[in-house]
Number of protein chains: 2
Amino acid sequence: MAVLAPSREVIVQAATDLLDEGGESALTLRALTIRLSTGYGAIYHHVADKNDLLAAAADDVIARVLTGAVVDADPREALRGVALGLFDAIDAHPWVGAELSRQPWRPALLDFYESVGRLLHALAVPERARFDAAGALVNYVLGVAAQNAARRGRGRDQETGRADFLAGVAEQWSELDPGRYPFVHEAATRLREHDDRDQFLTGVDIFLAGIATLRRT
Amino acid sequence: MAVLAPSREVIVQAATDLLDEGGESALTLRALTIRLSTGYGAIYHHVADKNDLLAAAADDVIARVLTGAVVDADPREALRGVALGLFDAIDAHPWVGAELSRQPWRPALLDFYESVGRLLHALAVPERARFDAAGALVNYVLGVAAQNAARRGRGRDQETGRADFLAGVAEQWSELDPGRYPFVHEAATRLREHDDRDQFLTGVDIFLAGIATLRRT
DNA sequence: ACCTGAACACCGTTCAAGT
DNA sequence: ACCTGAACACCGTTCAAGT
């Protein structure tokens with residue numbers, strides 16, 4: 001018997017906890033009823049379906065991140081900060097990355113878009129190009145995020161899992177014929193050593209450098 | 001009773017057909033046994049599990065695309081061609097985008113990486129930066145692809161579905177307070193009119209412009 | 001109005017039994 | 001060796017029945 005009738009807020013929070021603890025596959029309606037000591041009806045009364053629940057949980061996480069907004073004099077620095085904020089949030093909650101990359105128009109990302117758009121304006125990118133540039137940047141951030149999420153598997157085995165996985169791929173790559181795959185063969189070493197966050201930032205910088213060429217003259 | 005015992009190849013092809021016809025949710029083991037007039041054992045004998053099947057189907061599609069390789073004198077043009085080839089393939093088979101963005105180290109993408117790496121070399125990008133630049137570009141392409149895939153829903157309602165969906169989001173955006181969300185409010189118009197392929201190419205061009213700044217001096 | 005929980009219609013996967 | 005298909009252990013979702 002439920003001690004307290006769960007509000008929508010409590011339900012979404014419990015879902016977030018399950019997702020953080022066990023990854024995407026850990027969120028089942030059954031697990032949720034057990035954790036909340038309640039029945040299916042109580043959940044379905046506050047939530048349309050499982051998708052709704054997952055989306056609401058993702059919105060929550062993102063909203064919390066963006067409130068720690070970056071205010072910076074230099075628009076380039078601020079843009080890096082915003083991108084990195086989203087990266088770190090998804091790094092901490094991999095399932096959010098998967099969800100957002102499925103639904104990049106969620107209200108939760110509105111503030112992100114808005115920030116990027118304004119900063120592009122500050123960088124003197126003309127209006128016409130701003131839309132495409134913002135879209136490309138968001139796509140890039142979510143693309144990286146989704147892959148980090150996928151690589152993480154079910155949320156278990158945080159760091160060792162990643163290292164093992166990369167070592168495995170690097171192993172495969174280094175066994176390739178260097179005549180046929182010179183670049184990939186060479187890249188195997190880098191793959192083993194690379195830092196996700198650094199590589200992400202390098203990508204952002206490439207983007208920013210490209211965007212700088214769109215500057216109105 | 002099966003007229004012909006299905007080989008792995010036949011099974012993967014049938015899976016691809018189901019996915020193309022009805023999207024990701026249409027691939028069920030049950031549907032596959034019906035289409036192939038066979039039992040579960042016949043399938044599990046040639047395939048480890050459903051993930052294996054999905055991955056094999058995605059590999060097939062990508063392999064077929066990359067054989068139509070682009071040979072171009074200008075590395076920038078060639079890079080655009082390679083990126084666009086992947087984009088179009090995923091546009092035609094949205095489920096491939098979702099699968100690849102989950103597993104971007106599949107062998108199927110090796111040739112893609114290799115092409116990008118070589119072309120970056122041709123563009124005089126120094127070795128150190130090539131790895132990060134190639135990763136960023138691939139992430140971008142797959143990021144866009146995954147979102148197009150998600151937006152497509154279950155594979156039904158190809159073009160009208162997309163138009164309706166974008167119109168809906170644009171509607172929401174244009175209703176936002178222009179004081180609080182000037183950029184997003186403005187972007188609503190662009191969203192309604194924009195062409196996915198054009199926007200994708202614009203993003204690639206931003207990338208290439210950024211990469212040009214990495215050129216060794 | 002709000003909640004319970006048995007029941008329903010699905011999944012992916014296994015495995016004794018057949019050929 | 002290769003395949004069959006009933007059975008198993010799960011899903012998400014519904015809805016008559018309770019309070």
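Keep in mind the model is a prediction, meaning the values are calculated, not measured. Just so we're on the same page: letters track the sequence lines, and every chain starts at 1.
Here CG of L18(B) is found 10.5 Å from CH2 of W95(B). Values are rounded to the nearest 0.5 Å. Atom CG in L142(A) sits 5.5 Å away from atom CD1 in I90(A) (nearest 0.5 Å). If you take CG on L100(A) and CG on D59(A), they are separated by 7.5 Å, rounding to the nearest 0.5 Å.
In this structure, CD1 of I34(B) is placed 13 Å from P of dT4(D), rounded to the nearest angstrom. Distance NE2 (H45(A)) to P (dG18(D)): 19 Å, rounded to an integer number of Å. Note: CG (L36(A)) to P (dC2(C)) measures 17 Å, nearest angstrom.
Two rings, from F183(A) and F131(B), have their centers 6.0 Å or more apart.
Put simply, the side chain of H194(A) gets close to the backbone of L191(A): a donor and an acceptor are under 3.5 Å apart. In this structure a side-chain-to-backbone donor-acceptor pair under 3.5 Å is missing from R130(B) to G117(B). Between the side chain of E114(A) and the backbone N or O of V184(B), at least one donor-acceptor pair lies under 3.5 Å.
Within the 4.0 Å cut-off from OP1 or OP2 of dT4(C), at least one side-chain nitrogen or oxygen of T38(A) is found. Taking side-chain N and O atoms only, H46(A) has a distance below 4.0 Å to OP1 or OP2 of dC3(C).
Taking a cutoff of 4.0 Å between a charged side-chain nitrogen and a carboxylate oxygen, E24(B) and R102(B) qualify as a salt bridge.
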Strand DNA chain C as a dot-bracket string - pairs counted if Watson-Crick or G-U with both distances under 3.5 Å, | where the partner lies in another strand | ||.|||||...|||||.||
Nucleotide-resolved protein contact map, nucleotides 9-15 of chain D, B/S/- at heavy-atom distance under 4.0 Å | --BSBB-
